[in-house]
A.B. asks: 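Quick one: the structure is below, and I'll ask about it shortly.
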Amino acid sequence: MGSKLIANLKVIDKKSEWHNTLDDIGYYDFYHTYDYHYLSKLHDEKAILLKYTEGNKIICFPFLIRKINDTEYFDATSVYGYAGPLQKNLDKNFDNSLFSKALNNYFVQEKIISVFSRLNPFIHNQDPVLKNIGKTQELGYVVNIDLTPPLEEQRASYSKITKRYINKCRKQCHVVRSNCPSNIDSFVNLYYENMDRVNAKENYYFSKDYFLKFINSNDYETDILFAVLKNTNEIISSALMVKTNDVVQYHLSGTKAEFLDLSPIRLLIDEMRIIAKNENKSFFNLGGGLGNSDDGLFRFKSSFSKDFKPFKIWKHIINQKVYDSLVDEYVPPGCGCDFDFFPLYRCNGL
């Protein structure tokens, strides 16, 4: 397809132009990159980056475009993680009326009836970009470790129990940092075991090939950390961390069931914090709870820091008439759907 220009909105789907555009923007997360979108999309989905220009201002917005079964229509969604729009040379007072018009014209022209995106707590001015376009909703919080203070000051924010676990684990384990393909099997096996334990959906069982392509990407840096028992050299826990600009994302992890009581993942988080501080990173995002709730997972993460950042999503219905007709067709009364699901017509796996 190549890039396509609609008014002052350009549609980019080639890696070189996508990469150069992000370089021009300057500040982005790995969730915005071409490689992550390419790895995330299903075979019948299309990854695009919308680039809008207005004077010296630039807005970029990545999406996955999906066909709606048995219709002539499409919808758009974001990759798993924290995406949303990027911007350059605009502030909180930005008048987005021309951008809104160009964006909606594109969606109408391409028969895209609804759009969804998870937003990124570390990207500035996403709210003014999306003002009065669809609906932005705050769902909860993610836990950030502020990496700018000295290491000991950061550690002082840990709960007593987290400090105790880390101290105990450091006595029994050492940490290996590697993203060599030879270590991928160990990580994948631990990750699958974790997915089994939490009864994860099938689409979270990424293939070994997925992980090999992930760690070989030049769009971002990947660190895989392993907790290894000192007395047996057994790998008992592993975590995949991703670094882009000054942000570190705690992305995926796994721990052997028989060592959960030792909580080695706390050691890996602490070790990544030290590495990231020494590399002059600013933010270490641990994410939130399951379903963005204040649950056990969120409480575990908040034992490292009380620097909570709001997590928001963005929903936009372009063609309400078609949207409603699809809901009527695919969401029968009594189907048990969560009516907050968006787009609602996909709640049964459409």
Side-chain angles (χ1 to χ4, degrees), residues 1-66 76-90 99 102-103 106 110 112 115 117-126 129-130 179 181 206-207 209-224 240-249 251-252 276 279-283 285 314:
M1 173 183 157
S3 62
K4 181 169 63 174
L5 191 61
I6 300 173
N8 48 353
L9 190 74
K10 194 173 189 180
V11 185
I12 298 169
D13 67 357
K14 298 301 182 189
K15 179 171 182 173
S16 59
E17 189 172 8
W18 192 311
H19 180 80
N20 292 338
T21 301
L22 293 188
D23 272 356
D24 187 22
I25 289 284
Y27 196 81
Y28 57 91
D29 209 333
F30 90 91
Y31 303 107
H32 297 96
T33 62
Y34 174 91
D35 280 359
Y36 186 61
H37 276 75
Y38 182 81
L39 283 171
S40 299
K41 75 180 188 69
L42 301 178
H43 72 279
D44 57 348
E45 296 177 344
K46 181 170 62 175
I48 65 164
L49 179 68
L50 298 179
K51 180 183 180 183
Y52 172 82
T53 55
E54 183 180 319
N56 72 336
K57 299 177 177 63
I58 302 173
I59 297 171
C60 290
F61 211 153
F63 290 107
L64 297 177
I65 308 298
R66 308 178 294 187
T77 190
S78 63
V79 289
Y80 173 73
Y82 309 97
L86 302 166
Q87 55 79 26
K88 183 179 181 181
N89 297 325
L90 61 84
F99 167 70
L103 188 67
Y106 167 75
E110 297 298 310
I112 295 170
V115 190
S117 183
R118 300 172 188 86
L119 305 184
N120 190 308
F122 305 97
I123 300 294
H124 295 303
N125 295 320
Q126 290 192 325
V129 167
L130 297 173
N179 61 357
F206 307 111
S207 67
D209 182 60
Y210 170 94
F211 287 112
L212 287 171
K213 289 177 178 175
F214 193 106
I215 66 171
N216 285 324
S217 172
N218 294 320
D219 279 356
Y220 42 82
E221 293 181 74
T222 303
D223 280 352
I224 303 180
L240 186 152
M241 315 286 191
V242 190
K243 301 178 293 188
T244 325
N245 290 303
D246 63 348
V247 178
V248 181
Q249 298 283 358
H251 191 51
L252 301 171
E279 294 180 351
N280 296 312
K281 305 300 183 186
S282 302
F283 308 101
N285 181 29
W314 177 65

A.B. asks: Is atom OH of Y38 surrounded by more than 12 heavy atoms (other residues, nucleotides or ligands) closer than 6.0 Å?
C.D. replies: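 Counting neighbours around OH of Y38, 12 or fewer heavy atoms of other residues, nucleotides or ligands fall under 6.0 Å, so no.
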A.B. asks: Is any side-chain heavy atom of V248 less than 4.5 Å from a side-chain heavy atom of E279?
C.D. replies: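 Counting from C-beta outward, V248 and E279 never come under 4.5 Å.
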A.B. asks: When rounded to the nearest 0.5 angstrom, what distance separates CD1 in I48 from NZ in K14?
C.D. replies: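 I48 CD1 to K14 NZ: 13.5 Å, rounded to 0.5 Å.
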A.B. asks: Kindly compute the distance separating CG (L49) from CG (L86), expressed to the nearest 0.5 Å.
C.D. replies: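 Here the rounded value is 7.5 Å.
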A.B. asks: Before you tell me yes or no, could you show the steps for D35 and K15 under salt bridge (Lys or Arg N to Asp or Glu O under 4.0 Å), namely the whole-Å CA-CA distance, both residues' side-chain angles and the distance that decides it to 0.1 Å?
C.D. replies: CA-CA 8 Å; D35 280 359; K15 179 171 182 173; 3.0 Å; yes
A.B. asks: More than 12 heavy atoms of other residues, nucleotides or ligands under 6.0 Å from CG of N218: is that the case?
C.D. replies: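 Result for CG/N218: open.
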A.B. asks: Among Y80, Y36, F122, which residue satisfies the ring-ring contact (aromatic ring centres under 6.0 Å, His included) criterion with F30?
C.D. replies: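 Of the listed options, the one satisfying the test is Y36.
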A.B. asks: Looking just at side-chain N and O atoms, do D29 and Y220 make a donor-acceptor pair shorter than 3.5 Å?
C.D. replies: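 Result is no, nothing qualifies.
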A.B. asks: Does any non-hydrogen side-chain atom of E17 lie less than 4.5 Å from one of K10?
C.D. replies: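 Yes. Closest side-chain heavy atoms under 4.5 Å.
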A.B. asks: Could you report the tightest heavy-atom contact between G84 and P62, atom names first, then the distance?
C.D. replies: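 Minimum heavy-atom contact is O-CD, 3.5 Å.
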A.B. asks: Nearest heavy-atom pair of I65 and A76: which atoms, and what distance?
C.D. replies: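 Minimum heavy-atom contact is CD1-CB, 3.7 Å.
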A.B. asks: Please report the interatomic distance NZ(K243) to CG(D223), rounded to the nearest 0.5 Å.
C.D. replies: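 One finds 3.5 Å between NZ of K243 and CG of D223.
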A.B. asks: Between Y52 and Y106, does a side-chain contact (heavy atoms from CB on, under 4.5 Å) hold up when you go through it step by step?
C.D. replies: CA-CA 11 Å; Y52 172 82; Y106 167 75; over 6 Å; no
A.B. asks: So, taking the atom named NZ in K46 and the one named CG in D13, what distance separates them when rounded to the nearest 0.5 Å?
C.D. replies: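 Answer for the NZ-CG pair, K46 versus D13, is 7.0 Å.
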A.B. asks: Is any side-chain heavy atom of L130 less than 4.5 Å from a side-chain heavy atom of P85?
C.D. replies: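 In contact.
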A.B. asks: Between T21 and K51, which heavy-atom pair has the shortest distance, and what is it?
C.D. replies: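 Looking at all heavy atoms of both residues, the shortest contact is CG2-CD, 3.7 Å.
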A.B. asks: Evaluate the side-chain proximity of Q249 to V247: yes if any heavy-atom separation is below 4.5 Å, no if none is.
C.D. replies: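 Yes. Closest side-chain heavy atoms under 4.5 Å.
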A.B. asks: Could you check whether any side-chain heavy atom of F283 comes within less than 4.5 Å of a side-chain heavy atom of P121, counting everything from C-beta outward?
C.D. replies: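 Side chain of F283 against side chain of P121, heavy atoms only: no contact under 4.5 Å found.
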A.B. asks: List the steps and the verdict of side-chain contact (heavy atoms from CB on, under 4.5 Å) for I58 and N89.
C.D. replies: CA-CA 7 Å; I58 302 173; N89 297 325; 5.8 Å; no
A.B. asks: Set out, in order, the CA-CA distance, both residues' side-chain angles and the distance that settles side-chain contact (heavy atoms from CB on, under 4.5 Å) for W18 and H37, then state yes or no.
C.D. replies: CA-CA 11 Å; W18 192 311; H37 276 75; 3.8 Å; yes
A.B. asks: Which residue is it: L252, L39, I224? I am looking for the one with a side chain to side chain contact (heavy atoms under 4.5 Å, CB included) to F211.
C.D. replies: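 So, applying the side chain to side chain contact (heavy atoms under 4.5 Å, CB included) to F211 and each of L252, L39, I224, only L252 qualifies.
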A.B. asks: Under the criterion side chain to side chain contact (heavy atoms under 4.5 Å, CB included), which of V115, T77, V11 is the partner of F63?
C.D. replies: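 Among V115, T77, V11, the one meeting side chain to side chain contact (heavy atoms under 4.5 Å, CB included) with F63 is V115.
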A.B. asks: Looking only at non-hydrogen atoms, find the nearest pair between Q87 and V129 and report the distance.
C.D. replies: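 So the minimum-distance heavy-atom pair works out to CB-CG2, 4.4 Å.
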A.B. asks: Spell out, as yes or no, whether a donor-acceptor pair under 3.5 Å connects the side chain of D24 to the backbone of N20.
C.D. replies: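 Between the backbone of N20 and the side chain of D24 there is no qualifying donor-acceptor contact (under 3.5 Å).
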A.B. asks: Measure the CG-SG distance between L50 and C60 for me, rounded to the nearest 0.5 Å.
C.D. replies: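 Spacing of CG (L50) from SG (C60) equals 8.5 Å.
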A.B. asks: Atom NZ in K88, atom OH in Y28: separation rounded to 0.5 Å?
C.D. replies: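 The NZ atom of K88 sits 12.5 Å away from the OH atom of Y28.
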A.B. asks: Would you indicate whether the side-chain heavy atoms of I59 and L90 approach each other to under 4.5 Å?
C.D. replies: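 Yes - at least one pair of side-chain heavy atoms lies under 4.5 Å apart.
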A.B. asks: Run the ring-centre check on F214 versus H251 and record whether the distance is less than 6.0 Å.
C.D. replies: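 Close enough - the centres of the two rings lie under 6.0 Å apart.
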